[in-house]
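Values below: every heavy atom of this structure, side chains too, minus hydrogens, waters and symmetry copies. Each chain gets a letter, A, B and so on, in the order its sequence line appears, and its residues count up from 1.
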Number of protein chains: 2
Amino acid sequence: MRPQKIVDKDLLIALTSVFRAKGYEGTSLKELAEATGLKKASLYHRFPNGKQEMAESVFNYMAQWVEEHIFSALNDESFSPEVRLKNGLAQIKTLYAGGKEICILRALSMQAGMDLFEQNISIGLNKWINAFTGVGTALQLSPKKAKEKATQTLIEIQGSLILTKGLNDITIFEKSLQKIENRYLKT
Amino acid sequence: MRPQKIVDKDLLIALTSVFRAKGYEGTSLKELAEATGLKKASLYHRFPNGKQEMAESVFNYMAQWVEEHIFSALNDESFSPEVRLKNGLAQIKTLYAGGKEICILRALSMQAGMDLFEQNISIGLNKWINAFTGVGTALQLSPKKAKEKATQTLIEIQGSLILTKGLNDITIFEKSLQKIENRYLKT
DNA sequence: GTCTATAGCTAGATAGAC
DNA sequence: GTCTATCTAGCTATAGAC
């Protein structure tokens with residue numbers, strides 16, 4: 001067995017950045033090959049089901065990252081709810097590179113991707129809502145209020161990412177995160 | 001001259017619905033031909049620069065619709081600011097089919113589209129912000145507050161469209177519009 | 001495990017008849 | 001103005017050498 005030219009993790013990171021920037025249909029195997037340093041045939045060796053499997057792997061990789069960094073921060077009961085919220089929001093800022101990066105879920109959800117990922121997107125969004133709902137209840141909100149606030153939080157994260165990108169102004173994303181934090185902590 | 005099989009307006013409507021659903025790269029000329037009832041070569045007769053011109057025309061058509069229906073409603077000084085706001089939000093609900101349809105601007109902004117439309121997207125978003133800022137000042141907000149509120153409004157519209165689509169729950173979009181209205185009128 | 005070479009197809013786009 | 005037929009380029013995917 002020849003050694004791998006690039007380990008799985010780095011491979012996934014490279015694939016992620018392309019899919020994130022171009023979407024599913026907008027990404028070609030040629031670009032993926034260039035971004036990873038592997039030839040197309042080698043990509044097929046690593047992902048026998050081709051482009052679709054690459055996108056799915058990217059999706060799963062990001063889902064795991066979110067689980068480990070964001071949800072676990074929001075749910076870490078060894079900290080106060082206030083600290084959990086701050087840590088979670090800080091991780092979210094990292095995930096989106098301060099607003100410069102788009103939501104991978106959204107990048108993959110257009111076009112054919114919608115068919116491929118529709119159910120996983122719904123599941124993923126609900127996990128986000130549940131994570132923020134947990135913080136809300138820890139901050140003494142009623143379950144109903146906590147869920148409403150969590151939904152509103154996600155709306156603002158996604159919406160501010162769109163405006164940040166569309167207006168090319170990362171302060172929009174930063175202000176939104178700050179606003180979200182303030183609104184939780186003022187309760 | 002042979003008669004047109006489909007008038008410009010209907011043609012644009014048909015093209016719009018495909019681009020909206022599939023994005024720019026995700027849309028093929030075959031699909032556009034099927035959706036319009038014209039053959040590919042006929043589409044090239046109507047849009048000599050091909051797919052890109054079709055997307056640009058769709059973009060301009062939607063921009064005009066928004067101008068005539070939404071901005072003019074928000075800015076119609078023959079009504080009170082409260083009524084202008086309500087009318088504008090009602091038109092927005094129509095534009096997005098109550099949350100079932102995505103923002104065309106967003107659909108075209110991924111992938112190669114980002115290069116094609118980047119500047120127009122920024123201009124378009126700013127027009128939205130200005131329109132809502134106008135309503136805010138008419139409601140006695142300071143210019144600064146009015147612009148902040150307008151930006152927040154757009155964030156929530158875009159974000160709620162994403163969650164509505166991702167969770168397949170149109171009540172999210174409806175609730176967000178209601179919330180936006182309440183927040184303006186409570187000022 | 002990675003590579004070169006290529007198959008097979010579909011995309012966007014054009015030529016020219018009617 | 002619309003059509004059939006076709007071109008070319010690029011795509012996803014595979015075969016087989018190393």
Side-chain angles (χ1 to χ4, degrees), chain A residues 1-59 61 107-108 110-117, chain B residues 1-59 61 107-108 110-117:
Chain A
M1 306 225 187
R2 238 173 111 164
Q4 285 186 332
K5 214 175 159 187
I6 179 173
V7 296
D8 283 355
K9 186 178 173 179
D10 292 339
L11 182 51
L12 284 171
I13 290 173
L15 296 177
T16 300
S17 86
V18 182
F19 278 122
R20 233 182 177 179
K22 307 262 186 134
Y24 184 77
E25 306 271 2
T27 297
S28 69
L29 290 187
K30 190 171 177 242
E31 290 170 298
L32 293 172
E34 285 165 2
T36 57
L38 291 178
K39 299 297 176 186
K40 286 190 282 180
S42 304
L43 285 174
Y44 274 89
H45 179 76
R46 306 283 280 268
F47 304 94
N49 286 328
K51 189 176 172 181
Q52 177 166 341
E53 185 177 352
M54 295 180 217
E56 286 167 357
S57 299
V58 161
F59 185 97
Y61 170 70
L108 291 177
M110 281 298 301
Q111 316 129 341
M114 202 42 168
D115 308 329
L116 292 175
F117 298 108
Chain B
M1 305 225 185
R2 240 172 108 165
Q4 285 187 332
K5 214 174 158 186
I6 179 173
V7 296
D8 282 355
K9 187 178 173 180
D10 291 340
L11 181 52
L12 284 169
I13 291 173
L15 295 177
T16 300
S17 88
V18 182
F19 278 123
R20 230 181 180 180
K22 309 261 184 133
Y24 183 77
E25 306 271 359
T27 296
S28 69
L29 289 189
K30 192 172 175 235
E31 290 170 298
L32 293 171
E34 285 165 2
T36 57
L38 291 177
K39 299 299 177 184
K40 285 191 284 179
S42 304
L43 285 175
Y44 273 88
H45 179 76
R46 306 282 281 267
F47 304 94
N49 286 327
K51 189 176 173 182
Q52 177 166 342
E53 184 177 351
M54 295 181 219
E56 287 168 357
S57 300
V58 160
F59 185 97
Y61 170 70
L108 291 177
M110 282 296 302
Q111 317 129 340
M114 202 41 169
D115 307 328
L116 292 176
F117 298 107

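- The CD1 atom of B/Ile6 sits 11 Å away from the P atom of D/dC3 (whole-angstrom rounding).
- Remark on DNA chain D: of its neighbouring residues A/Ala41 and A/Leu29, the 5'-side contact belongs to A/Leu29, judged by nearest-heavy-atom nucleotide.
- Nucleotide C/dG12 holds its P atom 15 Å from the CZ atom of B/Phe47, rounded to whole Å.
- In this structure, the side chains of A/Leu12 and A/Ser57 come closer than 4.5 Å at one or more pairs of heavy atoms.
- Residue B/Ser42 is in base contact, counting any heavy-atom pair closer than 4.0 Å across all strands shown.
- For A/Lys30, the listed nucleotide lying nearest its side chain is D/dC11; candidates were D/dC11, C/dC3, D/dT4.
- Residue contacts for B/Lys40: at a heavy-atom cut-off of 4.0 Å it reaches a base atom on one of the strands shown.
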Does the pair A/Met54 and A/Leu29 meet the rule for a side-chain contact (heavy atoms from CB on, under 4.5 Å), with working shown?
CA-CA 10 Å; A/Met54 295 180 217; A/Leu29 290 187; 3.8 Å; yes
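- The CE atom of A/Met54 sits 14 Å away from the P atom of D/dC11 (whole-angstrom rounding).
- The side chain of B/His45 places an N or O atom within less than 4.0 Å of a non-bridging phosphate oxygen (OP1 or OP2) of D/dG1.
- Atom CG of B/Leu38 and atom C1' of C/dA13 are 16 Å apart (whole Å).
- One can place CZ of B/Arg46 at 18 Å from P of C/dA13, the figure rounded to the nearest angstrom.
- By the 30° and 60° cut-offs, the orientation of the rings of B/Tyr24 relative to B/Phe117 is perpendicular.
- If you take CD of A/Glu25 and C1' of D/dG10, they are 14 Å apart, rounded to a whole angstrom.
- For A/Arg2, no side-chain nitrogen or oxygen approaches OP1 or OP2 of C/dC3 to under 4.0 Å.
- Where A/Pro3 and B/Asn49 each meet DNA chain C at their nearest nucleotide, the meeting point lying more 5' is that of A/Pro3.
- In this model, the phosphate group of D/dA13 is approached by a side-chain N or O of A/Tyr44 to a distance below 4.0 Å at OP1 or OP2.
- With rounding to the nearest 0.5 angstrom, the CD atom of A/Glu53 is 11.0 Å from the CG atom of A/Leu43.
- An OP1 or OP2 oxygen of D/dT12 is reached within less than 4.0 angstrom by a side-chain nitrogen or oxygen of A/Lys51.
- Comparing D/dC11, C/dG12, D/dT2 against the side chain of A/Ser28 picks out D/dC11 as the nearest.
- Here C/dC3 presents its C1' atom at 8 Å from NZ of A/Lys39, a figure rounded to the nearest Å.
- Side-chain contact between B/Leu38 and B/Leu11: present, with at least one pair of heavy atoms (C-beta onward) separated by less than 4.5 Å.
- Here the nucleotide nearest the side chain of B/Lys5, chosen from D/dG1, D/dT12, D/dC3, is D/dC3.
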